[in-house]
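The structure under discussion appears below in the form of structure tokens.
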Amino acid sequence: MERTCLAIILAAGDSTRMRSSKSKVLHEIAGRAMIGHVVEAVALAGVSTVALVVGRDADAVRKAAATANIGVESYLQKERLGTGHAVLAAREAIARGYDDILVTYGDVPLQTAGPLTAARSALADGSDVVVIGFHTEKPTGYGRLIVKDGELIAIREEKDATDAERALKWCNSGLMLINGKKALDYLTRIGNANAKREYYLTDVVEIARSLGGKVTAVDAPEAEMAGCNTRAELALIERFWQERRRHEIMLSGVTMIAPETVFLSFDTIIGQDALIEPNVVFGPGVVIGPRAVIHAFSHIEGARVEENTSVGPFARLRPGTVLNEGSRVGNFCEIKNADIAAGAKINHLTYIGDAEVGRQTNIGAGTITCNYDGVNKHKTVIGENAFIGSNSSLVAPVTIGNGAYVASGSVITDHVPDEALAFGRARQENKLERARQIRERALAFKASSAPKGT
Ligand code: UD1
Ligand code: MG
């Protein structure tokens, strides 16, 4: 039978070193709160229940942790007395009885199901405590794993360590698995006789051993175990996340010319054989179809871009944009809440907002949908095979029929019927010789007003 697992995510810390008005687990990596990444990872490790331990900004943290994938219950740690104390905030959940207790941190957002699953297997193979460690050249600040004759005998916190122990480079990630039958017994024995007068979760290693339990450690990649305590670490973790996701996306069949300049969101989806040029930013909620080309310096958010489309360079797609198959949006165009039908072209210097653009329609350079009257937003509907001349203003609400033409420079305020040509501007008039007259008058004025004697 499958083993049951309770994941306890510690997220009650004060986040002092972030120097922030909010808890660090609310800070975003790739557009999603750190805590959301952690819940996602534990859900993939086959966890049955998540117990979230909250303190600072409890309501906001609970909200950010809620996902569709797994139920999350939360427990308030009223005082911050250390990681051992924090785990016991979820005592009620532990007491329900699970085979495995996974303890993880809300501020380790790059963790994946891999090491968590490996540690669960080690527990199933007979360990009572399994610590997830990682190797690093910069161990400062982490607890060190003290290994003797192949067994993990203790975790020593930096402040309590001897010089020899500080030189060790195998560190505690903070993540561990505990035998669910013994967890409460171990955890309630933790005391606070140490340099920080805190209840250290790490003490369960020695406690388990003193009670005849088996303690082992598994290794995880350093990049996955990076903890976030400062803004500098936040930026580093963002970099690791981006590198990892770009790599996955490229391996799935997407070309990136300069991947290090492309920024993805946690939920960005890109189809096979799409081409992403340098310096493209994907905000949340973007789906790019197969064979689409996203040219350099485009910014895309909340948009669906279907196959064989072309976007940019320098395009901005805002939420609610749908570019259907084979449509094109060119340089310095902004599209918002608009459905652009198959084969339509919006190639230069245009704003299309709250609109529908029909199949094969061409929108000339500099066209603007005037969708806002200062109070309300209004819609512009343009039919199929229409042609909007350059530098036109379409004052919404307005509709333009199939096959209609709008003359360049028009301000369109009324419905344009199918196949009609609409002029919304004065006709051109030529005043013959008038330019010469104006120039001569100007030159005469200059001569008469020049200072005398020069
Ligand atoms: C802890 C580990 C250390 C490990 C390091 C990895 C202990 C004693 N030390 O140290 O071995 O190398 O993490 O990053 O466990 N938290 C609470 N309530 C508390 C205290 C902490 O919820 O009372 C939460 C924090 O929000 C954070 C996590 O627990 O998510 C870790 O706490 P932190 O203070 O960062 O522990 P470290 O000193 O980094
Ligand atoms: Mg920490």
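Both counts, for ligands and for their atoms, begin at 1 and track the order of listing.
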Exercise for the section: Compare every heavy atom of Arg56 with every heavy atom of Ser21, then report the nearest pair and how far apart it is. Expected result: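 That would be C-NH2, 3.2 Å.
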Handout entry: Residues Asp354 and Lys377 bridged, charged N to O under 4.0 Å
Key =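 Salt bridge: no.
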Practice task
Flag the pair Glu248 and Arg245 as a salt bridge only when some basic side-chain nitrogen lies within less than 4.0 angstrom of an acidic carboxylate oxygen.
Solution key: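 Yes.
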Exercise for the section: Just jot down the side chain to side chain donor-acceptor pair (under 3.5 Å) partners of Arg62, sequence neighbours excluded, or say none. Expected result: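 Arg62: side chain to side chain donor-acceptor pair (under 3.5 Å) contacts with Asp59, Ser74.
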Exercise for the section: Mind jotting down which protein residues get a heavy-atom contact under 4.0 Å with ligand 1? Chain and number order, please. Expected result: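 Lining ligand 1 at under 4.0 Å, by heavy atoms, one finds Leu10, Ala11, Ala12, Gly13, Gln77, Arg80, Leu81, Gly82, Thr83, Ala86, Tyr105, Asp107, Tyr142, Gly143, Glu157, Asn172, Ser173, Lys196, Tyr200, Thr202, Asn229.
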Handout entry: No-hydrogen, no-angle side-chain donor-acceptor test under 3.5 Å, Tyr186 and Asn179
Key =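 There is no such pair between these side chains.
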Exercise for the section: Starting from the C-alpha separation in whole Å, work towards a yes-or-no answer on salt bridge (charged side-chain N to carboxylate O under 4.0 Å, His left out) for Arg32 and Glu40. Expected result: CA-CA 11 Å; Arg32 171 195 258 178; Glu40 179 90 4; 3.6 Å; yes
